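Shown next, in structure tokens, is the structure this report addresses.
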Amino acid sequence: MAIPRTRPSTYPAVLSYRFRPFFLIGSLYGGAAMLFWLPLFYGRLETSSSFSPVDWHIHELLFGYVAAVVTGFLLTAIPNWTGRLPVQGLPLLGLALLWCAGRLTVFFSAQAGWLLSAVVDCAFLLAVVAAAATEIIAGRNWRNLKVLLPVTALLAANMMFHAEAHYQGVSDISRRLGLGAAVVLVMIIGGRIIPSFTRNWLVRERPGRLPVPFGRFDVGTIALSAAGLAAWAFFPALSGTGAVLIAGAVLNAVRLARWAGDRTLRDPLVLVLHVAFAFVPIGLLIAGLAVFVPERVPAVAGIHAFGVGAVACMTLAVMTRATLGHTGRELRASTGTCGIFAAVLLSAIFRIAAAFAPTEAVLLHISAALWIASFVGYAGLFGGMLVRPRLQVRQSRTAA
């Protein structure tokens, strides 16, 4: 993990690098939003939002939690790509407060009005895209501009979500478009970091078969899968959509098999990345089968394979590794870290199972409890690292 480039400052450590505030508020909000969701779902609590309860749940996990974590990761990675210094201090605080303002206006949108809520909420992702594009262009790091395409799609989906919820009463295309954009980000970023981190660990610990590096096969697989997810967003019932999704599932399964994940069983920090990515082909397969046999394969199972499986598991795995590396800790999973990995993976499995057995409410409750435990557990284990200065011992060793 590269040593972060920072400017000397008197600001608190939490404002010294972009992953710090966004991983912290993202994890806390991810747990809190799920804690609030089940009582909301059963009508025991209410929001002051103009969104329906289901739309509020979907929106806040996609454009609240996911947007925060993507921002923390992306704007931490870009300085390493470009060699430029990151935004710190008051500008970083302003960006975090803009994210918080979006959460408040969405929650109180019935009073604030849907248009004001949409403007404030969408302003955050617009600012992120603008900041990321500015840094990449200024650093002449042209090849990484493509990473902004799914982030821009996430922004467009958020705009559409507000409009659909207001004019139609419920979101439709936008929820699938936003989730599809998040999955494409997993395919792009996962396709870079998983073989890279796996190779580094294997070279050091288990010389032998190594992951196949990112190449044309990966580019083609991502392009086909992205096309399938776009078709799924706009034309979810077409047989052609189902066929492309299933083809994407097969190709992504091949990608995963090429990364030598079976050789990483001794390192949970690496292994969990492979397990999380496995939900990409699983989600594509379920979503594709739901087109052809909807009476047997519910579409909601594919949605949660993507959301709770691929996106939540991958983001938690990346947050954990990045926090350890960028705060100067050893890249080693503690017992507690393994526990939160197990919790989020089991949450995904139980949520998919609940989609196939909707009358078994206990499966839904177990999944929600495990989700809360994983994200609150992350905040408990890593929150102190995020708000304290980077350890200097590791920095000295790395420099040496």
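Just so it is clear, the model here is predicted, and its values are computed rather than measured.
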If only side-chain N and O atoms count, and only distance matters, is there a donor-acceptor pair under 3.5 Å linking [Y] with [X]?
X: T320; Y: T337; value: no
X: N252; Y: S225; value: yes
X: H162; Y: S174; value: no
X: S50; Y: S109; value: yes
X: W201; Y: D267; value: yes

Do [X] and [Y] touch side chain to side chain, with heavy atoms closer than 4.5 Å?
X: L115; Y: H166; answer: no
X: W37; Y: E60; answer: no
X: R255; Y: V280; answer: no
X: L155; Y: M160; answer: no
X: L284; Y: V250; answer: no
X: L38; Y: H365; answer: yes
X: V344; Y: M314; answer: no
X: F341; Y: L269; answer: yes

Taking the six-membered ring for Trp and the full ring for Phe, Tyr or His, determine whether the centres of [X] and [Y] are under 6.0 Å apart.
X: F41; Y: H57; answer: no
X: F51; Y: F161; answer: yes
X: W232; Y: F306; answer: yes
X: F124; Y: F22; answer: yes

- Task: Report, as yes or no, whether the 6.0 Å neighbourhood of atom CZ on R140 holds more than 12 heavy atoms from other residues, nucleotides or ligands.
- Result: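 It does not: R140 CZ has 12 such atoms or fewer within range.
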
- Does E46 CD have over 12 foreign heavy atoms under 6.0 Å away?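 Atom CD in E46 is not crowded, with 12 or fewer foreign heavy atoms closer than 6.0 Å.
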
Any link between [X] and [Y] through a network of hydrophobic side chains (Ile, Leu, Val, Met, Phe, Trp, Tyr) touching at under 4.5 Å?
X: L177; Y: I188; answer: no
X: L148; Y: L62; answer: yes
X: V66; Y: L75; answer: yes
X: L229; Y: L238; answer: no
X: V387; Y: L95; answer: yes

- Task: Please work out which of the three classes, parallel, tilted or perpendicular, describes the rings of Y65 and W371, given edges at 30° and 60°.
- Result: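 W371 and Y65: perpendicular rings.
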
- Message: Is the ring pair F63/H59 parallel, tilted or perpendicular, if the boundaries are 30 and 60 degrees?
- Response: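 Tilted, since the angle between the ring planes falls between 30° and 60°.
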
Measure the spacing between [atom1] of [X] and [atom2] of [Y] and express it to the nearest 0.5 Å.
X: I193; Y: S196; atom1: CD1; atom2: OG; answer: 8.5 Å
X: Y378; Y: T315; atom1: OH; atom2: OG1; answer: 10.0 Å
X: R258; Y: I194; atom1: CZ; atom2: CD1; answer: 13.5 Å
X: S48; Y: F107; atom1: OG; atom2: CZ; answer: 6.0 Å
X: I25; Y: L386; atom1: CD1; atom2: CG; answer: 11.0 Å
X: M385; Y: T327; atom1: CE; atom2: OG1; answer: 6.0 Å

- Stepwise side chain to side chain contact (heavy atoms under 4.5 Å, CB included) test for N141 and N144: CA-CA 6 Å; N141 189 247; N144 282 313; 2.3 Å; yes

Has the side chain of [X] got a donor or acceptor atom that lies under 3.5 Å from a matching backbone atom of [Y]?
X: R329; Y: L324; answer: no
X: T221; Y: F217; answer: yes
X: S16; Y: A13; answer: yes
X: S374; Y: I340; answer: no
X: D121; Y: A118; answer: no
X: D55; Y: S171; answer: yes

- Take H326 and F73, measure what ring pair (Phe, Tyr, Trp, His ring centres under 6.0 Å) needs, and give me the verdict at the end. CA-CA 11 Å; H326 279 293; F73 173 82; 9.2 Å; no

Atom of [X], atom of [Y] and distance for their closest heavy-atom approach:
X: F356; Y: A301; result: CE1-CB, 3.6 Å
X: L202; Y: A260; result: CD1-CB, 4.1 Å
X: C313; Y: F279; result: SG-CE1, 4.3 Å
X: T323; Y: F19; result: CA-CE1, 4.2 Å
X: N158; Y: L125; result: ND2-CD1, 4.4 Å
X: G228; Y: T241; result: O-CG2, 4.1 Å

Taking the six-membered ring of [Y], is NZ or CZ of [X] closer than 6.0 Å to its centre and within 45° of its axis?
X: R321; Y: F197; value: yes
X: R20; Y: Y17; value: no
X: R103; Y: W99; value: yes
X: R192; Y: W259; value: no

- Task: Check step by step if side chain to side chain contact (heavy atoms under 4.5 Å, CB included) holds for R175 and V54.
- Result: CA-CA 11 Å; R175 61 172 67 175; V54 171; 4.2 Å; yes

- Item | Worked verdict on S239 versus F292 for side chain to side chain contact (heavy atoms under 4.5 Å, CB included) | CA-CA 7 Å; S239 58; F292 296 107; 3.8 Å; yes

- Task: May I have the step-by-step check of side chain to side chain contact (heavy atoms under 4.5 Å, CB included) for L364 and R351, ending in yes or no?
- Result: CA-CA 6 Å; L364 181 64; R351 188 60 189 88; 3.4 Å; yes

